[in-house]
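Before any comments, here is the structure.
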Amino acid sequence: TLILSRRQRAEAFIDRLCGLAFRIGLPETLEGAEPEALSEAADTAAANANPRWASPIVWTAEDCERVLRAAIQNKI
């Protein structure tokens with residue numbers, strides 16, 4: 001049997017997500033994103049957070065919006 005490392009599983013997962021994003025037409029960058037859309041995206045992300053998932057941190061809408069704004073400004 002093939003046993004993948006944690007890193008290999010993470011990379012495979014990211015590759016699948018990128019493929020899905022391409023197939024459904026999501027942009028590769030946030031360039032040109034409307035600031036108003038960031039609040040909506042952050043609210044949606046926070047509303048869909050599930051503290052039972054394996055993620056050690058559940059972000060608030062404010063956390064998500066801060067990261068999105070930093071990404072648009074190329075700070076991350």
Side-chain angles (χ1 to χ4, degrees):
T1 62
L2 179 62
I3 299 174
L4 300 176
S5 70
R6 184 178 210 168
R7 180 183 181 94
Q8 289 170 317
R9 290 191 312 267
E11 289 173 350
F13 179 73
I14 291 168
D15 287 345
R16 301 269 317 245
L17 284 179
C18 290
L20 173 63
F22 177 77
R23 287 191 304 279
I24 64 173
L26 291 178
E28 290 184 18
T29 68
L30 294 173
E31 185 177 335
E34 298 293 327
E36 299 80 32
L38 297 180
S39 292
E40 185 178 336
D43 289 342
T44 299
N48 287 298
N50 185 339
R52 294 187 187 131
W53 290 351
S55 175
I57 299 171
V58 175
W59 287 11
T60 64
E62 292 79 20
D63 295 328
C64 296
E65 189 169 348
R66 180 178 42 79
V67 169
L68 290 170
R69 288 190 188 283
I72 285 178
Q73 297 169 359
N74 294 318
K75 292 183 179 176
I76 59 171

*asked:* Quick check against the 3.5 Å criterion: does D63 have a side-chain atom that pairs as donor or acceptor with the backbone of T60?
replied: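 Yes.
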*Under 3.5 Å donor-acceptor, R16 side chain and A12 backbone*: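 No; judged by distance alone, with no hydrogens or angles, the pair does not exist.
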*asked:* Using 0.5 Å steps for rounding, measure from the CZ atom of R66 to the CG atom of L38.
replied: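 The distance works out to 13.0 Å.
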*Output the distance between atom SG (C64) and atom CD (E62), rounded to the nearest 0.5 Å.*
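Answer rounded to 0.5 Å: 9.0 Å.
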*Closest heavy-atom pair and its distance - L68, A42*: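 Residues L68 and A42, closest heavy atoms: CD1-N, 4.3 Å.
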_Atom CD of Q8: over 12 foreign heavy atoms under 6.0 Å_ =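 Above 12, so yes.
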*Please determine if E65 and R69 form a salt bridge, counting it only when a charged side-chain N lies under 4.0 Å from a carboxylate O.*
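R69 and E65: salt-bridged.
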